[in-house]
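Naming: A, B, ... by sequence-line order, numbering from 1 per chain.
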There are 2 protein chains.
Amino acid sequence: MVMDDVTPGSVRPGGRTARVRAAVLRAAGDLLTERGFANLDLAEVATRAEVGKTTVYRRWRTPTGLIADLLVDMAEQSLPHADTGSLLGDLTANARLVAKTLSDPRQGRLFRAVIAAATCDESTAAALRRFYDVRLTEWSVCVAAAIARGEAPERTDARAVLSAVSAPLYYRLLASGDPIDDIVADRAARAAVDAVRAGTFVSAAD
Amino acid sequence: MVMDDVTPGSVRPGGRTARVRAAVLRAAGDLLTERGFANLDLAEVATRAEVGKTTVYRRWRTPTGLIADLLVDMAEQSLPHADTGSLLGDLTANARLVAKTLSDPRQGRLFRAVIAAATCDESTAAALRRFYDVRLTEWSVCVAAAIARGEAPERTDARAVLSAVSAPLYYRLLASGDPIDDIVADRAARAAVDAVRAGTFVSAAD
């Protein structure tokens, strides 16, 4: 990284390489949002990002390579877990964050586009799984804290609990088309806590 | 429908029109499963189905028109709701049916393909929403029966309960990539029942 290239006041710190990546990923996200993944074209991404085509082809090679890097960036940008002091508070914060993202017009379309892209390409599917793995692992800390506080039974499966919170929101985005709002988010969090308390997410003993 | 065209012993009853439709939808499903939706070609569907191209173009017009009709057929073929006598039994039957479908290699790929297609085309998205509407309405009867039996509180939102049962399975198929099996299905049903009993799915009074 060319560190002497950093200028004071730049929105995103880093050298030229980091700035090029930010511009290219922003342009890729915009094009995915506008037209879906099937028409993502590297030359058009380069033009939109005001970056040389050769740079884009050399670094990302294919549309799927670009989507995979976008997912890495989305994982890096994703917010740290909440720490409200209660499991319901933490899971509600998680559900509201997911609901806000998926109901945002740009972000909702972007998630639909990358999920659709993953159905057509195995490397994109692997990148998508890594994105959700980062998110689920980051927020699993909330369930570990709840176990430590005595709010959740020992051996509660944190990943399953976090999946249960997000799942109804994704089901609306991708399947039923039912609206996504804070009422639905809060209910998803409460339902997960009900099931945690009932011991339904306790894993079988080894 | 040309009823005199029915031959004894045919697998699917109906006239020539119905048989053509069955062959075309089967070929469309096979091609979607093999290659995803982005490469669905009506001429290739016609060849695979051993049906005239003109017939296919005249009746379905576009790949998205064909996918929409496939979703109508999938809704028509979908199984009636269970009636086991308990909410947990009915929701477990629903979850296992969804898990069996989504974990089946052909069916899982078909669902991923039509969901991906829906992200790129509004008429396909509308057809997908109608498919889930048929499914959710059919199985909502189980929640109404549970309310009548006193197993679920009055004003429990049946559609939200059924969505909660399916959602963790779709989240695995489309997002996290975590495996889908009967253990996960049974847990999704149990978690929904825990939340129903806690009153979390009760709708606000009008």
Please determine whether side chain to side chain contact (heavy atoms under 4.5 Å, CB included) holds for the pair B/Ser176 and A/Leu136, giving the CA-CA distance in whole Å, both sets of side-chain angles, and the decisive distance to 0.1 Å.
CA-CA 9 Å; B/Ser176 71; A/Leu136 291 169; 4.2 Å; yes
Could you check whether atom [atom1] of [X] has more than 12 heavy atoms from other residues, nucleotides or ligands sitting under 6.0 Å from it?
{"X": "B/Arg61", "atom1": "CZ", "value": "no"}
{"X": "B/Arg48", "atom1": "CZ", "value": "yes"}
{"X": "B/Arg26", "atom1": "CZ", "value": "no"}
{"X": "A/Ile183", "atom1": "CD1", "value": "no"}

To the nearest 0.5 Å, what is the distance between OH (A/Tyr132) and CZ (B/Arg172)?
14.0 Å
Given heavy-atom pairs under 4.5 angstrom as the criterion, report whether the side chain, backbone, both or neither of A/Leu173 touches chain B.
neither
State plainly whether the residues B/Arg187 and A/Asp157 are in salt-bridge range, i.e. N to O under 4.0 Å.
yes
Taking all non-hydrogen atoms of both residues, which atom of [X] and which atom of [Y] are closest, and how far apart?
{"X": "A/Tyr171", "Y": "B/Ser166", "value": "CE1-CB, 3.8 Å"}
{"X": "A/Leu174", "Y": "B/Leu128", "value": "O-CD2, 3.3 Å"}
{"X": "B/Arg112", "Y": "A/Ala125", "value": "NH2-CB, 4.4 Å"}

Under 4.5 Å from any heavy atom of chain A - which part of [X]:
{"X": "B/Asp121", "answer": "neither"}
{"X": "B/Asp178", "answer": "side chain"}
{"X": "B/Phe37", "answer": "side chain"}
{"X": "B/Leu169", "answer": "neither"}
{"X": "B/Arg159", "answer": "side chain"}

Top of A/Ala188, A/Ala175, A/Ala117, A/Ala126 for chain B proximity - count of heavy-atom pairs under 4.5 angstrom
A/Ala175
Chain B: which of A/Ser163, A/Ala192, A/Ala198 shares the most heavy-atom pairs with it under 4.5 Å?
A/Ser163
Which of B/Ala38, B/Ala116, B/Ala118, B/Ala160 touches chain A most, by non-hydrogen pairs under 4.5 Å:
B/Ala116
Top contributor to chain A interface from B/Ala164, B/Ala113, B/Ala191 [non-hydrogen pairs under 4.5 Å]:
B/Ala191
